[in-house]
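A quick write-up on the structure given underneath.
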Amino acid sequence: MVRVLVVEDETNIRDMIALNLRHAGMEVVEAESAEAALPLLAQKPGCDAAILDVMLPDHDGYELKTFIGDETPVIFLTAKTDVAQRVKGLAAGAQDYICKPFEPAELVARVEAALRRTGRGRTVLQAC
Ligand code: CA
């Protein structure tokens, strides 16, 4: 099963993302801060993808991205809608960038697309 790390400090948004990813057949690991996410990143097997809120209470999502290997697709999530922030996110090596508010179905589709691009979506097919 594909495992996705979701780091978001707003509980209702994190719950909504987790619910939709689980509904799409993914395993979800949740953290409300970068500090809470770090031990989860150290776990084996690691996550197949990560959704990182940019504005976290301790570190920002860009900092947290540096602890995630380049082979793991990262999707940044933020309320910031300006082009400079999106460019920074993509330059940091993000697979994708989603601005709040967003439709849950689009988020799930973007996670699936990121997994396909990195060849990790196949794990889902093998499990079926
Ligand atoms: Ca936030």
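Given the structure is predicted, the values throughout are model-derived calculations rather than measurements. In each ligand, atom 1 is the first atom listed, and ligand 1 is the first ligand listed.
- Residue D53 counts as close to the Ca ion (ligand 1), with an N, O or S atom under 3.0 Å.
- For a distance bound of 3.0 Å, the N, O or S atoms of M55 include one lying that close to the Ca ion (ligand 1).
- Under 4.0 Å is where a charged nitrogen must lie from a carboxylate oxygen, and between K65 and D60 no such pair does.
- Distance alone, capped at 3.5 Å, is enough to place a donor-acceptor pair between the T118 side chain and the A114 backbone.
- For D9, the N, O or S atom closest to the Ca ion (ligand 1) goes by the atom name OD1.
- A salt bridge does not link R116 with E112: every distance from a Lys NZ or Arg NE/NH1/NH2 to an Asp or Glu carboxylate oxygen is 4.0 Å or more.
- Note that the CG atom of L77 and the CD1 atom of I17 stand 5.0 Å from one another [nearest 0.5 Å].
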